[in-house]
Number of protein chains: 2
Amino acid sequence: MQTIRVETPTAKYDVVIGSGLLETLAPRIARAVGRLPRSVFVLTSPEIWALWSKAFLRSFKEAGVEPPVTLFLPPGEQHKTVKSVERLLREMVKAGGDRSTLLIAFGGGIVGDVGGFLAATFMRGIHYVQVPTTFLAQVDSSVGGKTGVNLPEGKNLVGSFHQPRAVFADIGVLGTLPDRELRAGLMESVKAGFIRDRALVRFMEEHAKEILAREPRALERVIAASVRMKADVVRRDERESGLRMILNFGHTVGHALEQASKYKAMLHGEAVAWGMVAALAVARRRGTITGGQMERMEKLIYRYGPWPKLMVAAAKVMAATGRDKKNVGGVRRFVLPLGIGDAGVVEDVTAAELEAGVKYMLVRARTAFSP
Amino acid sequence: MQTIRVETPTAKYDVVIGSGLLETLAPRIARAVGRLPRSVFVLTSPEIWALWSKAFLRSFKEAGVEPPVTLFLPPGEQHKTVKSVERLLREMVKAGGDRSTLLIAFGGGIVGDVGGFLAATFMRGIHYVQVPTTFLAQVDSSVGGKTGVNLPEGKNLVGSFHQPRAVFADIGVLGTLPDRELRAGLMESVKAGFIRDRALVRFMEEHAKEILAREPRALERVIAASVRMKADVVRRDERESGLRMILNFGHTVGHALEQASKYKAMLHGEAVAWGMVAALAVARRRGTITGGQMERMEKLIYRYGPWPKLMVAAAKVMAATGRDKKNVGGVRRFVLPLGIGDAGVVEDVTAAELEAGVKYMLVRARTAFSP
């Protein structure tokens, strides 16, 4: 088990990573928040609840406290909406929620984002705890306090920064995660390695087999390193005014791919995988990485694939990048790798450079996994 | 002109109170936020915009900058909804808003609450400035960072704490405020005096005529004292965990009256006027105020009336208090006057005591303004 401390100007909390956390959740949460309030809600998905409710509820029963009131969010980005938020807030009021209510977000990234936003806005803010159940949510979205939902115009355009009181990442829960989701989630760890952690890159190169076989110690190592990197960045820049932007490595083009596909054809991590390839190509043209570094980094991305084919024209991807919310005041910020384990934010990447990166990516999407 | 500094753990900003602020708004806002960003929106009501858009836009023209993009919220609590928020957020995206966008909330309390919530949630938080146009918004809702909207289940159940970057309260704008709204708004100043400021109570006793005639110096004096009191309380308790609750003096029963009337029959300040009468009666029974103090305080409340008759049964009001969101963990917190200029929060007011207060209020609602 590993515990990583996250400290920001507005909050301090622990991310606990290990096996068997679910079965001991109630006392762990009680310790993190002082004591369990009278009113506790859990937001989850029907799938996760069907698989894990028994383990989840055990520690509440053992502690002799009422089980949390269950709120459900159906799976899929199409439910990550303002409408869902309103429905869930109303359910919370009707079920007796008040300002002392504690919310537990028990699910993947969407449940975490929506749950965090419910906690940020219910009666002007209540405490919440993240219990992420996907690899992606464990390494990325559950840490850092980003919450929110989509608008028809784009992803995550509505939200708040609202830090959880604790994060419990149970590796055992990953046992039921579909293989495709695990591999996609691992792209956030690859990203973490690329931008800040050479040792993690090496570990993921050398232990891909154990990681993909879900060997608990290998997973714990990767998750802990990824969370440590993210916690370090969030500590220095909670509200993404500068440094935190490097976490968006691969995300400019990644988000564009998601938008161009209307978030349906691919998982977030899959889009980021291809987005990183595009960013590497931009960096290579600029000479901030060598040909050898690029080859090694691309190889690691493909090692955790295969990634889905991209049925989209370069022009469409380019158009989608123009609406990316990371464009501040018309300037196009871009995260550029500066070697393996280092990256920076630049503002002068031209449309032509970006397009060249996108085109390289589209070529590799046709060739990288061909026999 | 008076400038009052608000300092909280998350923000520091000035509340500027005076005449002619509207005509010099652009440079004032620029100074408050560093410089005007490329993208500026103003949320307002059609009524306010019809009356004041020319004055509002003058300083932008003089500064040679683009006028803000206008967003409209129709008047009335029935539009203070999650649905309005979603519509407005989408309009902001479509009109090119980004993370550097500045929002100006130019209107009464509803525009301020909704505008603040837009700013709190648009792309996880942007800067905003309050330009309140009603007396109530100038003395109360524009200061302190409370933002949000209603749910069908109750008022202000969704929201955030999000502090503005500045507040500009132009007394000249009050010239077009309906008389009934001015009088209702003055109840928040009476409240401020009752809980923290004996000198303000005396001033409002002695200068009711000038205040109701909207004599600028009298209004500036009352607004500044009210804001100073609120700023002091907010500074010590930004998130309403303790002290800030005293600002809810008169609001337990006041909110219940609003709920029982479905927010239609009366203005917020009118409900608070009666709510204060009920709270005074509870205090008198407990002996925390003398008969003489109660008489003097009631007299001041009625001096700014008449207040609307209450067509509601005591039982209905009592039922509505049970859903008040200031009930934490089932405990009924209540703000009790402890003399003129002093109040405290108690948790042991029984339903019977509260009901006696409500019944006294209902009697006074029949008799106080009878010839």
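Every chain is numbered from 1 and lettered A, B, ... according to where its sequence line falls, protein lines coming before strand lines. Small disclaimer: the values here were computed from a predicted structure and weren't measured.
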Is there side-chain contact between [X] and [Y], with at least one heavy-atom pair below 4.5 Å?
X: K146(B); Y: D113(B); result: no
X: V129(A); Y: Y13(A); result: no
X: H162(A); Y: T10(A); result: no
X: T70(B); Y: E91(B); result: no

query: For T147(B), is it the side chain, the backbone, both, or neither that has a heavy atom closer than 4.5 Å to a heavy atom of chain A?
result: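 Answer is backbone: N, CA, C or O of T147(B) sit under 4.5 Å from chain A.
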- prompt: With a 4.5 angstrom heavy-atom cut-off, which part of S39(B) approaches chain A: side chain, backbone, both or neither?
  reply: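 Looking at S39(B), nothing touches chain A.
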query: Pick from P37(B), G96(B), G159(B), S160(B): which one has the most heavy-atom pairs with chain A under 4.5 Å?
result: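 Highest number of heavy-atom pairs under 4.5 Å: G159(B).
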- request: Give, as side chain, backbone, both or neither, the part of V93(A) having an atom under 4.5 angstrom from any heavy atom of chain B.
  value: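 Contact with chain B is through the side chain of V93(A) alone.
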message: So, taking the atom named CD in E7(A) and the one named CD in Q163(A), what distance separates them when rounded to the nearest 0.5 Å?
response: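 If I round to the nearest 0.5 Å, the distance is 11.5 Å.
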field: Option in L118(A), L89(A), T101(A) with maximal non-hydrogen atom pairs under 4.5 Å from chain B
entry: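 Maximum pair count with chain B is reached by L89(A).
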